[in-house]
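Take a look at the structure below.
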2 protein chains.
Amino acid sequence: MTVTIYDVAREAGVSMATVSRVVNNNPNVKPQTRKKVFEAIERLGYRPNAVARGLASKKTTTVGVVIPDISNSIFSEVARGIEDIANMYHYNIILCNADKRKEKEIRVINTLLEKQVDGLLFMGGTVTEEHVQAFRTSTVPIVLCGTRDDKDQFPSVDIDHEAAAFDAVNLLIGQGHSKIGMISGTLQDPANGYSRYQGYKKALEQAGLSVSEDLVRIGNYRYESGYDVMKYFLQLSDRPTAIFAATDEMAIGAIHAIQDEGLRVPEDISVISVDNIRMASMVRPLLTTVAQPMYDIGAVSMRLLTKLMNKENVEMSKVLLSHEIIQRKSVAHV
Amino acid sequence: MTVTIYDVAREAGVSMATVSRVVNNNPNVKPQTRKKVFEAIERLGYRPNAVARGLASKKTTTVGVVIPDISNSIFSEVARGIEDIANMYHYNIILCNADKRKEKEIRVINTLLEKQVDGLLFMGGTVTEEHVQAFRTSTVPIVLCGTRDDKDQFPSVDIDHEAAAFDAVNLLIGQGHSKIGMISGTLQDPANGYSRYQGYKKALEQAGLSVSEDLVRIGNYRYESGYDVMKYFLQLSDRPTAIFAATDEMAIGAIHAIQDEGLRVPEDISVISVDNIRMASMVRPLLTTVAQPMYDIGAVSMRLLTKLMNKENVEMSKVLLSHEIIQRKSVAHV
DNA sequence: CTGTTAGCGCGTTCAG
DNA sequence: CTGAACGCGCTAACAG
C-alpha cells in the first residue's frame, strides 16, 4: 500500500541509504544516481514518512505554538510573524488553540511535547505555576511570546505593558483630562490586566491626580464588556471625560456605548487603549491607541527559539519590544 | 536523557509490553501490576513518545486542518467547531495557516500528509486542479470545509452560497430597492465570488430588474476594498440605493464610506451582505446579513471526517447547511 | 560516492 | 495476565 524508501531503492537499483541521501539533499551523491532516484520517486509516488524520520533522527523540524484564543485577532497577527521566521528557518509550525482555558493550555503543551516538537512557543495567556510545571518537564526550549512569567525564568518576548498604559493615559492627561476612567482586564492577569492597570495608576499619580476606585471597572477584554462598563460610567453623576481601555476591543465597545447614548467621541468623551488591532482603523471615529508590534513579537520570539533549538548561546533571552502611540481620531482636548 | 517505556519496565519490574498495555488502557493487566507501573511512570516522569507510537501503530490520532487565512475571523469560528468535535472523538488537531497563497496551501497539505495525519480538513479557499492532484495522492480521507470542488469529487460541507446571496438581494428588493449595487469577490472564486454573484443576478432577474455592469465591482473581501468600491458607487450620477456586499467586511467598509460622505445607513443607502462575523454586531448601524453557520460547518465536517477515518460508510458525503437572514439595522425601505 | 548495519521508542502478535 | 521478539520507515555511523 504505502511506498517506502526501500521500494524506491529497489526500483532505482541503489541502496536505501542512497535514497535517503538524495531525499535529504546530501551532496555526496553522483548526479546520475541522484537522477535515477528522483525518477524512481516520481514513478512510485513516494512520499517521505515524517514520523519515521522523526523517530530515527530525533528531530521533527516542527515547532508547536499554543495560541490561547484563535478568534482573537491579536494572536493571528503574532502568528503571522512566527510563521514567516519559521519558514525562513525551515521549520513547520503547528498551531494549537487552547480556547482561553487553562487546563486546555496545559493539555496542549503536553500533547505538543509528546509529539516531539523541537521547540515550543507559548503565546499570550497568563503563566501560572502549573504552566511552569509543564514547561519544566520539557527537554526542548520554550519561549513565551507576548507574555512573561512572574519570576522571569523563561525566555520571553513582550512589550512593557505598564509603560504602554502609562503613555496612553499620559496622552489623555496631556490633553487636559483629569477625570479618566479605566476599563481594565482582570488584575489576575499580569500582562494585559495588572500591568496596564499599574501604568494607569502611575500616570495619574505622577500628574498629581487622584485615582478613584469608582473610575476603574473590570472587563473581560471583549467588546461587550467594554460596552457594558461604559454604560456604567455614563450613568455616573460625575462621569469621566476620558476613558482608557486595556484593549482595543473594549475601547470600541465603549465608543459605541457612548454613541448609542447620543454623545460623541471625542467631542464629549475621549477614548484610548492599547493594542492596535486591525479593527482600530475600521471604526468611526478611528481609534487612537498604543500599538504593540504584534508581528515583531512573533518574529522575534521565533528567531529566539531557533537560536535556542540550535544551542547557540543567546545573550538576551528576555526581550522587551517598544510600543508606539498611534494618534487617530478618538482623543480630543477636554 | 529521555526516559523510555523500557526504563519504566525495568523500574516497575515488568516487561515493556506490560507498560505499553497500561499506557494504552488495555484491560488485561492485573490492578496491582497496573499500579506498580503507574508509580514507576510517575517516579521517572515518563512521557510517551507520540512519534514512536505513530510509527508502530500507523496512526497518529491527529487530523490536519489547513486554514487559508488565520487572520480571517470566519475561519476561526469554523475552527472552533472542528476542535470541539475533534476533542470529542479524541483527535488532536493541528492547524496550518496558508496565508491565502495557493502554493502554500499545496505545500501545507503535503507536509501534513508527510506527518501522517489520520485525516485532513481543507478549509475555505478555492479548490484548483493542483489541489485535486495533491488530494489524490492522499491515502487518508479529506473533507472540504466551507468550500467545494467544482466536480464535487470530494466530501464537503458548505452552505449554498448562491441561495444565500439570492436571499440577501431579495430582501433588498422586497424593501422596494431596484438600484442595487454589488461589491463582489473575484469571480474566479467559485464559492464567495462567483456563486454569490450568480445569486445577485438571479434575484434581480427574477424580479424583472436589469443587471447593469456599472453596478457590480470586484473587491478582495477586505474592509478597505469595500470602502474603495463604495466610494466609486457614491460618485456615480445615478447611484444605487442599496448595496449587496459579498462579505461582511466589505459591507462594513461600504458603510463607513457612506458615513464619511455625510450620508446615513440605512436612511440614505441600505447595506446587506453575507457571513455574519462577530464584527457585524460591532458596528453602527448593526449590520443586516445572511448568516452562515460557521461553527456547524466546522463541526459537521469534522464529524464527517471521523466517520471516514473510521471507514464507516456515509450516505451523504456532500452536505449543504442552511443559512439564515439576520435582520439588524442596515437595511430600510427605499 | 555508495552499501551495510544498527537502532530510534513503541505496538503487537504469539507463546506461555 | 505477562513476556519475548519482531518490525514500523527512516537516519546515521561505519566501512569500503
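We name chains A, B, ... by the order of the sequence lines, and we start the count at 1 in each one.
In terms of phosphate contacts, T33(B) brings no side-chain nitrogen or oxygen within less than 4.0 Å of OP1 or OP2 of dC1(D). For T18(B) and dG3(D), the shortest distance from a side-chain N or O to OP1 or OP2 is below 4.0 Å.
Between K36(A) atom NZ and dT2(C) atom C1' there is a gap of 11 Å when expressed in whole angstrom units. N26(A) places its CG atom 11 Å from the C1' atom of dA12(D), with the value rounded to the nearest Å. Distance CG (D7(B)) to C1' (dC10(C)): 13 Å, rounded to an integer number of Å. R10(A) has its CZ atom 15 Å from the P atom of dG3(C), to the nearest Å. Per the geometry, CG belonging to L44(B) stands 14 Å off P belonging to dG9(C), to the nearest Å. If you measure from atom CG of N28(A) to atom P of dT11(D), you get 15 Å, rounded to the nearest angstrom.
Comment: K35(B) engages E39(B) in a salt bridge, judged by a side-chain N to carboxylate O separation of less than 4.0 angstrom.
Considering only residues two or more places apart in sequence or on other chains, K58(A) meets the side chain to side chain contact (heavy atoms under 4.5 Å, CB included) condition with none of them. Considering only residues two or more places apart in sequence or on other chains, N110(B) meets the side chain to side chain donor-acceptor pair (under 3.5 Å) condition with R47(A). Here D149(B) pairs with nothing under the salt bridge (charged side-chain N to carboxylate O under 4.0 Å, His left out) rule; sequence neighbours left out.
Residue pairs meeting the ring-ring contact (aromatic ring centres under 6.0 Å, His included) criterion with at least one member in residues 105-124 of chain A, sequence neighbours excluded, are F122(A)-H131(A), F122(A)-F135(A). Pairs passing the salt bridge (Lys or Arg N to Asp or Glu O under 4.0 Å) check and including a residue from residues 114-143 of chain B, sequence neighbours excluded, read K102(B)-E130(B).
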Below 3.5 Å is the cut-off: list the nitrogen or oxygen pairs between protein and nucleotides 8-10 of chain D, distance only.
from, atom 1, to, atom 2, distance (Å)
dC8(D), O2, L55(B), O, 3.4
dC8(D), O2, A56(B), N, 3.3
dG9(D), OP1, T2(A), OG1, 3.4
dG9(D), OP1, K58(B), NZ, 3.0
dG9(D), N2, A52(A), O, 3.4
dC10(D), OP1, Y46(A), OH, 2.4
dC10(D), OP1, N49(A), N, 3.2
dC10(D), OP2, I5(A), N, 2.4

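Nearest-nucleotide positions on DNA chain D place V29(B) closer to the 5' end than the other of V29(B) and V19(A).
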